Each structure stands twice: as C-alpha cells, then as structure tokens.
Amino acid sequence: MEGLKFYKDRVCLNCLTGSIENAAALYEAAEGHIALGLLSANYPDVQSAVKDMIQYQKKVDNCISVGLGAGNPGQWKAVAEISSIIKPKHINQAFTAGGYTRALTGEGPFMNSMVAPCGKPGYVKISTGYLAKEEKPAIVPVATAIAMAKEEGADSLKYFPMGGLKCREEYEAVAKSCAEHDFNLEPTGGIDLDNFKEILSIAVNAGVKKVIPHVYSSIIDKDTGLTNIDDVKALYTMIQEVVPS
C-alpha cells in the first residue's frame with residue numbers, strides 16, 4: 001500500500017474534516033500532502049465508522065487519519081478495530097495501545113504513539129493510556145519513549161498537548177531526540193496560522209526525518225464546522241517556505 005505523501009519527503013499536514021466534499025477540497029489544496037482526520041469518537045460504533053470512512057477513502061486516495069477525538073485514550077480500541085478493517089494511511093494512538101493496533105493492522109498504516117509534555121526538557125509522559133492516565137505519571141527520557149514506541153511498531157511520536165509554543169524548550173528537546181534516533185514527529189495542540197511556521201521550522205531544522213503537524217480547531221469555521229480551505233492553502237505555502245528545496 002502506498003503511504004502518505006510528504007512534501008519533499010519531509011512534511012505532511014494533518015487536519016480535521018467534516019464532510020466528503022470538504023475533505024476532497026482540502027486534499028486538493030495541499031496537493032495531496034495531507035492526512036484528513038476522522039474521529040472515532042464521532043461515531044456510535046465501529047461498524048458505522050467503517051461504513052462512513054470508506055466513502056472518504058474513495059475520494060482522497062485513502063489519505064485519512066483515524067483519530068481518537070481530542071486525544072481521548074478511551075477510544076483506543078475503536079481506533080484499532082476501525083483501522084484493522086479499513087487500513088487507513090494514518091492512525092493516531094495512545095502510547096500503550098500501539099502494539100495491539102499494529103498487530104491488527106499489519107505493516108502499512110503510518111501510526112503515531114501519543115506522549116505528552118511533562119514540564120522537564122528531555123523527558124515525556126508516556127502514561128497516556130485510558131487507565132495509566134489516572135495513575136502517577138510515567139515520565140521517561142525521550143530516547144526511551146522512542147525506543148519503546150519503535151518496539152510497539154509505531155512510526156512517530158505524537159507530542160500532545162503542546163499548547164502551541166508554551167512548552168517550546170521541551171518540544172525542541174523532543175525534536176532533537178527524534179532526529180538523533182531516526183524517528184518521526186507529530187507536534188499537536190494549539191497550532192495555528194501564527195505559530196505554525198515556527199513550530200514546523202523547529203522540527204525541520206533539528207533534522208527530524210518526517211514531520212506531521214496537526215492543525216485542528218484554529219482553522220475550523222465556527223459556522224460550518226468545516227476546516228477552512230484557504231487556511232490549508234496558507235499552511236501548505238508555509239511548508240514550502242520552510243522545507244529546503
């Protein structure tokens with residue numbers, strides 16, 4: 001299965017979509033360098049999600065991203081089961097559920113492993129699972145988190161919630177470690193048109209192999225609930241400005 005399309009083999013956008021027409025327009029706006037987020041939490045069950053997501057797959061060359069829904073780890077199993085059936089190009093998953101998900105999907109889908117800022121540069125919180133998040137935080141060196149994510153079959157660290165550049169020093173350390181350990185990175189949370197270029201530049205300049213920045217609520221039209229096409233065009237222009245030709 002052909003995977004996600006990365007601009008200059010480095011960057012792929014991740015944005016939410018609320019309709020097939022919107023998804024097709026966003027796909028065109030980013031010239032295919034985009035994973036279109038569909039949240040498992042928006043469906044009552046796996047079967048209905050599968051039925052709907054298949055329609056999206058047909059319109060955007062399967063460039064969909066099966067999501068938890070605001071990083072809700074309670075959706076981990078739904079994400080795994082949906083993904084095992086439809087084999088999307090991108091999967092969002094809690095850190096502790098990566099192995100289960102990869103076992104179901106096999107190789108192919110690009111899957112992230114969700115970790116969180118912890119207030120200490122060089123370290124991340126890996127207790128992002130639905131049970132673990134209620135316990136004392138498990139905080140480990142970024143390199144250890146990367147090694148564990150690799151062992152579970154993940155392709156990247158999803159760094160969430162960032163709050164934009166609120167944890168800049170921590171984010172810089174995560175990007176540096178991902179580059180050093182040949183792992184990919186997905187900065188997520190609070191990213192908008194104002195901070196996107198700086199957040200992307202930090203990862204690209206650190207030498208991260210592949211970067212998937214998630215830009216969600218900040219570019220969603222409040223009246224329609226759909227992602228703004230012109231905003232995605234603007235983001236794509238910024239990607240072209242940041243990534244070396």
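The structure displayed is predicted, hence computed values, not measured ones.
Summarising the local packing, CD of Glu169 is surrounded by 12 or fewer heavy atoms from other residues, nucleotides or ligands at distances under 6.0 Å. Atom CD of Glu28 is surrounded by 12 or fewer heavy atoms from other residues, nucleotides or ligands within 6.0 Å.
Here the straight-line distance linking atom CD1 of Ile34 with atom SG of Cys15 works out to 4.0 Å at 0.5 Å rounding. Here the NZ atom belonging to Lys59 is positioned 13.0 Å from the OG1 atom belonging to Thr17, to the nearest 0.5 angstrom. Phe110 contributes atom CZ, which lies 10.5 Å from atom CG of Asn14 (distance to the nearest 0.5 angstrom). The CD atom of Gln55 sits 11.0 Å away from atom CD1 of Ile64, with the distance rounded to the nearest 0.5 Å. Remark: Lys166 NZ to Asn195 CG distance equals 11.0 Å, nearest 0.5 Å. Note: Leu16 CG to Ile219 CD1 = 8.0 Å, rounded to the nearest 0.5 Å.
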Do Asn112 and Leu185 pass the side chain to side chain contact (heavy atoms under 4.5 Å, CB included) test, and can you show the C-alpha distance, the side-chain angles, and the key distance before you say yes or no? CA-CA 8 Å; Asn112 65 39; Leu185 179 59; over 6 Å; no
Working for side chain to side chain donor-acceptor pair (under 3.5 Å), residues Asn92 and Ser65: CA-CA 7 Å; Asn92 297 275; Ser65 171; 2.8 Å; yes
Step by step, work out the ring pair (Phe, Tyr, Trp, His ring centres under 6.0 Å) result for Phe183 and His181. CA-CA 6 Å; Phe183 209 49; His181 295 88; 9.4 Å; no
The test is side chain to side chain contact (heavy atoms under 4.5 Å, CB included); show your working for Ser218 and Val215 and say whether it passes. CA-CA 7 Å; Ser218 67; Val215 190; 3.6 Å; yes
What do the steps show when you test Lys197 against Glu241 for salt bridge (charged side-chain N to carboxylate O under 4.0 Å, His left out), and what is the final call? CA-CA 9 Å; Lys197 196 169 183 179; Glu241 292 170 350; 2.7 Å; yes
Show your working on salt bridge (charged side-chain N to carboxylate O under 4.0 Å, His left out) between Lys176 and Glu172 and close with a plain yes or no. CA-CA 6 Å; Lys176 182 174 182 289; Glu172 289 175 340; over 6 Å; no
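When each of Arg102, Lys210, Lys150 is tested with Asp155 by the rule salt bridge (Lys or Arg N to Asp or Glu O under 4.0 Å), just one qualifies, namely Arg102.
Nearest heavy-atom pair across Ala203 and Ala175 is CA-CB, 4.1 Å. Taking both residues in full, the closest heavy atoms of Val79 and Gln93 are given as CG1-NE2, 3.8 Å, listed atom of the first, atom of the second, then distance. In terms of heavy atoms, Pro73 sits closest to Thr128 at CB-O, 3.1 Å.
Relative orientation of the Tyr100 and Trp76 rings is perpendicular, given thresholds of 30° and 60° on the angle between their planes.
Contact of the Tyr159 side chain with the Val115 side chain is registered, since non-hydrogen atoms from C-beta on lie closer than 4.5 Å.
Geometrically, Lys158 engages Phe160 in a cation-pi contact, judged by NZ or CZ lying under 6.0 Å from the ring centre and within 45° of the ring axis.
Classification of Asp61 and Lys89 as a salt-bridged pair holds, one side-chain N sitting under 4.0 Å from a carboxylate O.
Applying the ring pair (Phe, Tyr, Trp, His ring centres under 6.0 Å) test to every pair with at least one member in residues 13-54, sequence neighbours left out, gives these pairs: Tyr7-His33, His33-Tyr236.
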